[in-house]
There are 2 protein chains.
Amino acid sequence: MMSSPKTEAPRKRASFQKKEGPQKQLTREKILEAATQVFADYPYYTASIRMIGKAAKIDHPLINYYFPTKAALFEEVLKRVTEQYYVANISWFEGLRELGPEKGLSLYIDRFLDFALQHPRAFRIITLNLVSAEETEIIPGYQQIQDFFARTTHTFRQAIPLSGSKQDIEMLTTSFNTLAINYLGASTYYAGILGMEPGSRQYMQWVKDSLIYMILPRLKQLLGGTAQ
Amino acid sequence: MMSSPKTEAPRKRASFQKKEGPQKQLTREKILEAATQVFADYPYYTASIRMIGKAAKIDHPLINYYFPTKAALFEEVLKRVTEQYYVANISWFEGLRELGPEKGLSLYIDRFLDFALQHPRAFRIITLNLVSAEETEIIPGYQQIQDFFARTTHTFRQAIPLSGSKQDIEMLTTSFNTLAINYLGASTYYAGILGMEPGSRQYMQWVKDSLIYMILPRLKQLLGGTAQ
DNA sequence: ATTCATATTTATCGATCGTTAAAAACGATA
DNA sequence: TATCGTTTTTAACGATCGATAAATATGAAT
């Protein structure tokens with residue numbers, strides 16, 4: 001008690017190095033993985049730290065050891081998931097321009113659906129939280145979701161130069177993104193309406209058919225147009 | 001005290017008549033109105049009985065006097081809102097067939113947007129809760145939302161007989177509904193992306209332009225086709 | 001004025017929420 | 001083995017949730 005242990009002077013000790021052990025990264029990863037799953041099943045305000053703790057098989061206060069708040073954790077998950085999509089999206093355009101509109105669009109959608117099948121949570125997280133941010137206290141990563149949308153449009157315009165007006169291109173890409181995100185992020189709903197199973201081949205085929213059906217006419221027009 | 005008042009026989013008293021006073025209906029209406037607003041601002045599990053009580057300027061337990069559970073109240077709100085939309089939707093088709101695809105679609109969308117401006121909460125409630133019902137405990141009125149979607153498709157096919165395959169018509173109507181509900185139910189999101197104000201004339205014009213741009217080509221095809 | 005069913009308020013229940021503090025377990029260094 | 005920083009667990013906080021029970025207010029019929 002009292003104080004004055006030894007010299008009293010140094011005091012700094014080992015605070016200059018974080019000493020991040022390997023276990024630290026492992027647990028952090030486990031939490032992020034579990035959080036991605038929970039945030040893909042429940043909208044932000046319905047998902048809970050305790051659910052995530054249970055999914056990660058750790059006690060929930062440990063989450064606050066690695067992430068200061070629930071909002072910060074959500075933003076990290078959102079950042080990863082949208083970044084992953086962004087990178088993949090760029091690759092889907094490779095070698096498309098030579099194929100023409102029909103085959104090009106078809107191949108793009110095939111690649112897109114492949115990704116969606118392997119990473120369904122990305123779409124769920126976006127659709128679950130895209131709508132909720134109105135009137136209510138804004139959702140933590142809201143800006144990221146909007147940026148994500150804007151970036152996919154930008155990628156498209158870079159990869160496939162079209163000859164239409166800016167508004168035409170904007171309408172086309174926004175429609176494609178809206179339909180795609182809805183059909184994949186709310187697949188239970190749409191599959192239910194169509195009398196199909198959400199993850200089935202049949203439903204995926206319908207999504208592809210439907211996207212091509214709606215997008216192709218205008219895409220042809222913008223591609224084949226007066227050239228440029 | 002004791003008992004045996006007069007004959008003792010009747011006992012039933014006034015239980016055969018509910019005696020619903022006028023005030024009862026008034027309060028019930030006030031609760032439904034407030035609930036419609038709150039459920040248009042927050043998804044089901046985020047909205048609370050206490051919010052609704054505050055919006056209706058009553059103490060929240062009174063809500064449980066008129067509605068057994070939060071779920072029952074939500075279902076009632078959903079029923080009213082979708083019914084209102086359903087009835088309006090039928091009227092929007094009046095006199096369209098004579099106009100041809102361009103003018104007909106334009107007028108339909110005008111009527112549709114008029115309704116959306118006057119009843120924005122319908123779209124909010126649907127979009128807010130359409131996605132959330134996956135993995136999670138189902139949302140109370142989920143079936144109603146799906147039925148609502150199916151009914152609008154049915155109305156369309158009744159009003160505008162098309163000459164395409166069943167799948168083509170299904171893809172077209174589903175796309176229209178999906179785009180429309182998203183643009184109006186998540187207007188803050190989409191307007192934000194486009195750099196517009198959610199309720200502005202400019203944004204509404206964009207929605208109309210965009211719907212026509214995407215729907216018209218296939219509509220023309222299905223209308224003008226091999227007739228019959 | 002009294003009675004009594006209806007309508008509304010007050011108080012409270014058990015459950016869950018995000019977060020914090022303190023205790024305990026762990027693991028490498030001395 | 002003892003020490004000490006890091007990681008994990010345990011316990012608890014104040015707040016909010018939907019729902020219930022009991023107390024009170026209201027208002028028409030006797």
Side-chain angles (χ1 to χ4, degrees), chain A residues 5-6 10-31 34-35 38-39 42-77 136-137 139-140, chain B residues 1 3 5-7 10-32 34-35 38-39 42-77 136-137 139-140:
Chain A
K6 295 281 181 184
R11 217 46 175 157
K12 284 188 174 181
R13 273 192 268 218
S15 69
F16 58 93
Q17 180 99 4
K18 270 285 186 79
K19 255 214 175 184
E20 311 191 345
Q23 183 64 15
K24 176 144 187 170
Q25 284 304 321
L26 251 171
T27 306
R28 199 184 134 90
E29 207 58 35
K30 213 163 58 174
I31 292 172
V38 172
F39 283 130
Y42 303 88
Y44 178 73
Y45 289 108
T46 306
S48 82
I49 292 287
R50 283 173 169 84
M51 291 181 195
I52 296 169
K54 184 166 285 184
K57 291 174 188 169
I58 56 161
D59 293 289
H60 71 270
L62 189 56
I63 294 169
N64 284 98
Y65 177 77
Y66 288 93
F67 301 90
T69 60
K70 176 185 175 184
L73 172 58
F74 180 70
E75 290 198 58
E76 176 85 22
V77 167
T136 181
E137 326 80 38
I139 278 191
Chain B
M1 306 243 185
S3 67
K6 296 281 178 178
T7 62
R11 215 37 175 167
K12 286 190 175 181
R13 275 192 267 218
S15 69
F16 59 93
Q17 180 98 6
K18 268 287 187 77
K19 253 215 174 183
E20 312 194 343
Q23 183 64 16
K24 176 143 187 170
Q25 284 305 322
L26 250 171
T27 305
R28 202 185 133 88
E29 206 58 36
K30 212 163 59 173
I31 291 172
L32 279 167
V38 172
F39 283 130
Y42 302 88
Y44 177 73
Y45 288 109
T46 306
S48 80
I49 292 287
R50 284 172 168 85
M51 290 180 195
I52 295 168
K54 184 166 285 185
K57 291 174 188 169
I58 55 162
D59 293 289
H60 69 269
L62 188 55
I63 294 169
N64 283 99
Y65 178 76
Y66 287 93
F67 301 91
T69 61
K70 176 186 174 184
L73 172 57
F74 180 70
E75 290 198 58
E76 176 86 22
V77 167
T136 181
E137 325 81 38
I139 279 192

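The shown structure was predicted, so the numbers you read here are calculated from the model rather than taken from an experiment. Below, chains carry the letters A, B, ... as their sequence lines are ordered, and counting in each starts from 1.
Closest heavy-atom contact between Val77(B) and Ala35(B): CG2-CB, 3.8 Å. Considering every non-hydrogen atom in both Ile63(B) and Ile49(B), the closest pair reads CD1-O, 3.4 Å. Closest non-hydrogen pair, Leu62(A) versus Ile31(A), comes out as O-CD1, 4.3 Å. In terms of heavy-atom proximity, Lys70(B) sits nearest to Tyr44(B) at NZ-O, 2.9 Å. The two residues Val38(B) and Ala47(B) make their nearest non-hydrogen contact at CG1-CB, 3.8 Å.
Nucleotide dT6(D) holds its P atom 17 Å from the CZ atom of Arg28(A), rounded to whole Å. Distance OH (Tyr42(A)) to C1' (dC17(C)): 15 Å, rounded to an integer number of Å. Distance, Ile52(A) CD1 to dT16(C) P: 17 Å, rounded to whole Å. Atom pair Tyr65(A):OH and dA22(C):P shows a separation of 16 Å (rounding to whole Å applied). Computed from coordinates, the Leu62(A) CG to dA22(C) P distance equals 18 Å when rounded to whole Å. Computed from coordinates, the Ile31(B) CD1 to dA7(C) P distance equals 11 Å when rounded to whole Å. Residue Leu26(A) contributes atom CG, which lies 15 Å from atom C1' of dT6(D) at whole-angstrom precision. Summarising the geometry, the separation between CG on Asp59(A) and P on dA12(D) is reported as 15 Å, rounded to the nearest angstrom.
The shortest distance between side-chain heavy atoms of Ile139(B) and Tyr45(B) falls below 4.5 Å.
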Extract from the structure each pairing of a protein N or O with an N or O of nucleotides 18-24 of chain D at less than 3.5 Å, listing the distance.
{"from": "dG18(D)", "atom 1": "OP1", "to": "Ala47(B)", "atom 2": "O", "distance (Å)": "3.4"}
{"from": "dG18(D)", "atom 1": "OP1", "to": "Ile49(B)", "atom 2": "N", "distance (Å)": "3.3"}
{"from": "dG18(D)", "atom 1": "OP1", "to": "Lys70(B)", "atom 2": "NZ", "distance (Å)": "3.1"}
{"from": "dG18(D)", "atom 1": "OP2", "to": "Ile49(B)", "atom 2": "N", "distance (Å)": "2.8"}
{"from": "dG18(D)", "atom 1": "N7", "to": "Arg50(B)", "atom 2": "NH1", "distance (Å)": "2.6"}
{"from": "dG18(D)", "atom 1": "O6", "to": "Arg50(B)", "atom 2": "NH2", "distance (Å)": "3.2"}
{"from": "dA19(D)", "atom 1": "OP2", "to": "Lys70(B)", "atom 2": "N", "distance (Å)": "2.9"}
{"from": "dA19(D)", "atom 1": "N6", "to": "His60(B)", "atom 2": "NE2", "distance (Å)": "3.3"}

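Every residue two or more places apart in sequence or in another chain that forms a side-chain contact (heavy atoms from CB on, under 4.5 Å) with Glu76(A) is listed here: Arg28(A), Leu32(A), Phe67(A), Arg80(A).
Using cut-offs of 30° and 60° on the angle between ring planes, the pair Phe39(A) and Phe74(A) is perpendicular.
Note: His60(A) NE2 to Lys54(A) NZ = 11.0 Å, rounded to the nearest 0.5 Å.
When the C1' atoms of four end pairs are superposed on the next four at each end of the helix from dA1(C)-dT30(D) to dA30(C)-dT1(D), using five pairs per end, the two resulting axes differ in direction by 30°, to 10°.
Distances shorter than 4.0 Å separate some side-chain N or O of Tyr66(A) from OP1 or OP2 on dT8(D).
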